[in-house]
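Comments concern the structure below.
Chain naming here is simple, since letters A, B, ... match the order of the sequence lines and numbering starts at 1 in each.
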Amino acid sequence: MSAPTLDPTDVKQMLLKVADVIIESEEMLSQADRDLGDGDHGLGMQRGFTAAKAQLEGLDPKTVAEVFTTTGMALMASMGGASGAVMGMLFQSGGAALGANDSLDADGLCAFLQGACDGVTNLGGAKPGDKTMVDALAGARDKAEDIDCETVSEALQAACDGATEGMEATKAMIATMGRAKTLGEKSIGHPDPGALSVSIIFKTMSDYANQ
Amino acid sequence: MSAPTLDPTDVKQMLLKVADVIIESEEMLSQADRDLGDGDHGLGMQRGFTAAKAQLEGLDPKTVAEVFTTTGMALMASMGGASGAVMGMLFQSGGAALGANDSLDADGLCAFLQGACDGVTNLGGAKPGDKTMVDALAGARDKAEDIDCETVSEALQAACDGATEGMEATKAMIATMGRAKTLGEKSIGHPDPGALSVSIIFKTMSDYANQ
Amino acid sequence: MKKLLNDPLKAASELVDGLVDYYNGSVEQVSPGAIALTNISDDKVALLVGGGTGHEPIYHGLIGEGMADGAACGDIFAAPPPNVILDATKAVNRGNGVLYLYGNYSGDVMNFKIASQLAAAEGIRVETVLIWDDVASAPPTEKEKRRGIAGLIPIVKLAGAAADRAENLDELVELVTNARDNTRSVGMALAPGSIPATGKPTFELDEDSIGVGMGIHGEQGVGVEKMMSADELAIKMVDLVLADDLPIGEGDEVLVFTNSLGSTTMMECLIVLKKVKALLVEKGVNIYDVLLGPMVTCQEMAGISLSLTKMNDTLKPLWDAPCSSLGYTKLGK
Amino acid sequence: MKKLLNDPLKAASELVDGLVDYYNGSVEQVSPGAIALTNISDDKVALLVGGGTGHEPIYHGLIGEGMADGAACGDIFAAPPPNVILDATKAVNRGNGVLYLYGNYSGDVMNFKIASQLAAAEGIRVETVLIWDDVASAPPTEKEKRRGIAGLIPIVKLAGAAADRAENLDELVELVTNARDNTRSVGMALAPGSIPATGKPTFELDEDSIGVGMGIHGEQGVGVEKMMSADELAIKMVDLVLADDLPIGEGDEVLVFTNSLGSTTMMECLIVLKKVKALLVEKGVNIYDVLLGPMVTCQEMAGISLSLTKMNDTLKPLWDAPCSSLGYTKLGK
Ligand SMILES: Nc1ncnc2c1ncn2[C@@H]1O[C@H](COP(=O)(O)OP(=O)(O)O)[C@@H](O)[C@H]1O
Ligand SMILES: Nc1ncnc2c1ncn2[C@@H]1O[C@H](COP(=O)(O)OP(=O)(O)O)[C@@H](O)[C@H]1O
Ligand SMILES: [Mg+2]
Ligand SMILES: [Mg+2]
Ligand SMILES: [Mg+2]
Ligand SMILES: [Mg+2]
């Protein structure tokens, strides 16, 4: 499959897949947070996507937006922590930008990414370069916009590449945001855990659409 | 020297020597208390005999009793803990049994030992066999009484032997008294720290009189 | 690391249940993690605190008579989600608005921010005062970047008394801002606590080093130095606090608080207090009252912090009022 | 082991100085180690506590309004010498006699015994109540061999209220004996504290073992078992206390106290409390009040103890009275 668009049920399947991969990545994400923060990022993401999965499984979605906002609400309500707020906001504001569309195309993904970026930046004030998940998220948005994609699969591939680059770039940055992220120089060399999560999310979405 | 009697100044010198040896034995006594108790016995004895030394140095004794009771009071007031009470009492009640004598002979030593045993037993209720300093003290008393000594030097040698035997015997006993002395079976094999102190005290006294 | 837990991942929810048990009838859990006093009076301007669990007795151990009215509890070391905060907000609101008072950490700020939007949408007026007492976390010109540490104990106590007196939410904001703006702290880390879920240490620090100004999760302070004596450390803490922008000197009156970060003993807090007091008295500063003990902790972390609150005529009667909670209790003067 | 000390051998004297600083005018040190409240009323029957230091906040952190009038402080883990006890006795005595209330350890018993003889010689009437709440330290038929552990917190609080009411020393003895005889405790050791002077551990325990009924210095209990969950441990503690000779069952009212031995966190105490309460409620026992936190400690020892005090009509008003001290403070009911 290399789908031009995804319907609400596809998006639901795609996010269920994201949930599974994130849940499996608990140890890796926690380790990343141990290097930079308080070591709980994997646990929070696991808790959040377990809740999201339960919500999604019972959902019969009419719109694409619904799938994303349901995920966002579930993350927001169950995770707590910095990442609960920002990951929840990513999916909620991203979803809200999609209106009542019943399919996700390349333009839709760009709108989702822009909405997600705006929501998260508004909420937490982090800008690219602050070594947060915003680096990966803005990377995804920029790349997906730059390349003039025809299909959602291509756009997701671009978002995945952009998120990965953004995440890779955090390794060289000094952390300035977040609870335990004031290691200063010592934070250099490690990727931001939230950025790692975002890159995993878009990689899994891209893999789903391009499988 | 193998003195038939000791005058008050000799006794003072002898106890100053005891103070030095006990102070030097801090680590050994603390280690013994670590094996069986809370590890502070050497520190307490060091504190006590440092105080006793200061008192004795300023003392111009008229009676033998005075030297012992001064030592006892200093130990009692400065040490605290179980050993402050029992070691203080040893010298105080032992000294009190000597009346106004201006020299210490073999009979005097026996009276001292009997007084010391009575005082300590009265205070703490420990009997020989309970794995306390009473084993060494009663051992000293019994041996000094058994052998019909002519000189105080001989009597001190007997007290030293008796105390050492009493201390050695505590190794095979199960502790039943004292703050941290309820290790039960595990206490077997280790000498009681207070008994060790008592054996050092009489060994030093005997060495002084028999040097 | 031996810990008394059942399921490490349920530690937060079990400890909140236990907290409700501790309060033995005077506190209820309105939804998981949202707790409130059962006897909040009808005309009260409500005070809500909250944050991650695992730092007991803060934050949720600070509710009670003359203290906070409710708390929103997150998972271990994690800010509470907006819905938990909203539920707690609804439980304490008596129609006169709710003050959110919590430590300035980005997770907490974001979740409380979303919660206040949700509350506003339900017609509940909410205001926020952020606690940012840690002088080692940013320069005085950037207070909004400072972390909230042990100063939150005197601040919440003063705020609790203020909430009992305030006519309206604006007055409460003003009183609590007064308390917050007159409080400064600095912390010294000796050894990490452990993360209950994993047993791993919360940060790393050499056996012979002290994290000067380090935060309660191991956040960077003003440097790492060689282990020092209690007196040297007291001098360093007093210097760091007095060098800040709040003038404290001759004739001023202060609350002094030596807080243990967990396993540092009261013995050590008392020894440090002795030197801190001597230094302050030397400078002509008067001690209005003293607080001491493990109140803002990070599991069995070793370390200590010093907080000073400069008293004024508004704060004194607030401090002198009685209060009762798991974390801090005092008789009235 | 990093510790905030100056001279390890002076830790005891420095911490007592710091304690006087903590009390900020309401306590004075009449001679090294002997401390007393400054405002004891003229007709009071006085209450004196005491013991080794290093277990803060006990014993000396329990003086204050509605608590003890004075304390005799020994060196670290060592009973105070008779002269320190005597000085404290004289400082608190108002001519109506003094009650000595302390834990049943042979060093303390001997030193207090000598002190009471010295006090009698100076015409001061002294009586003694020994605290022996540890059910794991001897069978019920040999109470006089039992150690005093965390039960001393509720007992000293009840005694403090009793001392404010008692007409004479005999009445005080009777009230305090009532409190003592209705209190039972058991402790569980997880890891040793350290001896401040040497940095060495106070005892040894395998990484996967728990000392069941072990004393606060590592004294033998009823056995060593494999590490267990918080719930299992709560069950074990409740069983051990309820199996003792004090009947506690359906309809009875108890104070419940989960004490941390030092570095065990409030989180863990709360989780254990949750199960303890469930077990008691299941048996129809009513919870009169709850105490929780590190109050009877041995440096940074890890472990927990459970104390239950069975309430009766004499003890209830004593418990409900307000009190204030470093170790325990409560508002009146
Ligand atoms: N202000 C912020 N804006 C965007 N992302 C943030 C912000 N603060 C923190 N984050 C993200 O949250 C991640 C940490 O999440 P997590 O460890 O779950 O929460 P906490 O920091 O509360 O323990 C960081 O790696 C970072 O990507
Ligand atoms: N009741 C007693 N009678 C005689 N000696 C005792 C008694 N209790 C304790 N001791 C002695 O005290 C010694 C312990 O002294 P020390 O370690 O200084 O005091 P503590 O037990 O208070 O730490 C024991 O080795 C024992 O010989
Ligand atoms: Mg984290
Ligand atoms: Mg000892
Ligand atoms: Mg966290
Ligand atoms: Mg001792």
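Of the atoms belonging to D/Asp208, it is backbone heavy atoms, and not side-chain ones, that fall under 4.5 Å from chain C. Neither the backbone nor the side chain of C/Ala302 comes within contact range of chain D; no heavy atoms are under 4.5 Å apart. Within the 4.5 angstrom heavy-atom criterion, no atom of D/Lys275 approaches chain C. Heavy-atom distances place no part of D/Cys269 under 4.5 Å from chain C, backbone and side chain included. Proximity to chain C (any heavy atom under 4.5 Å) is shown, for D/Leu5, by both the backbone and the side chain. Residue D/Tyr288 touches chain C through its backbone alone, counting heavy-atom pairs closer than 4.5 Å.
Side-chain contact check for C/Thr265 versus D/Thr297: every heavy-atom pair is 4.5 Å or farther apart. Here the side chains of D/Pro196 and C/Met267 are in contact, with some heavy-atom distance below 4.5 Å. Within the 4.5 Å cutoff, side-chain heavy atoms of D/Glu65 are placed close to those of C/Leu331.
Put simply, OH on C/Tyr22 and CG on D/Leu291 are 6.5 Å apart, with the number rounded to the nearest 0.5 Å. With values rounded to the nearest 0.5 angstrom, D/Met301 atom CE is found 14.0 Å from C/Ser263 atom OG. Distance check, rounded to the nearest 0.5 Å: CD1 of C/Ile271 to CD of D/Glu14 gives 5.0 Å. Once rounded to the nearest 0.5 Å, the distance linking CE of D/Met266 with CD of C/Gln299 reads 12.0 Å. Here the CG atom belonging to D/Leu190 is positioned 8.0 Å from the CE atom belonging to C/Met1, to the nearest 0.5 angstrom.
Contact check on D/Lys277 versus C/Asp21 returns a salt bridge, with a Lys/Arg side-chain nitrogen under 4.0 Å from an Asp/Glu carboxylate oxygen. The pair C/Lys2-D/Glu207 does not meet the salt-bridge criterion, since no charged nitrogen lies less than 4.0 angstrom from a carboxylate oxygen.
Among C/Ala230, C/Gly61, C/Gly18, the residue making the largest number of heavy-atom pairs under 4.5 Å with chain D is C/Ala230. Here D/Met227 is the residue among D/Lys330, D/Met227, D/Glu232 with the most heavy-atom pairs under 4.5 Å with chain C. Ranked by heavy-atom pairs under 4.5 Å with chain D, the first of C/Cys323, C/Gly262, C/Pro294 is C/Cys323. Among the candidates D/Ala191, D/Ala11, D/Pro322, the residue making the largest number of heavy-atom pairs closer than 4.5 Å to chain C is D/Ala11.
For C/Lys10, the NZ atom sits in a loose shell: 12 or fewer heavy atoms of surrounding residues, nucleotides or ligands are nearer than 6.0 Å.
A donor-acceptor pair under 3.5 Å is formed between the side chain of D/Asn24 and the backbone N or O of C/Ile287. Here the side chain of C/Glu268 pairs a donor or acceptor atom with the backbone of D/Leu4 at under 3.5 angstrom.
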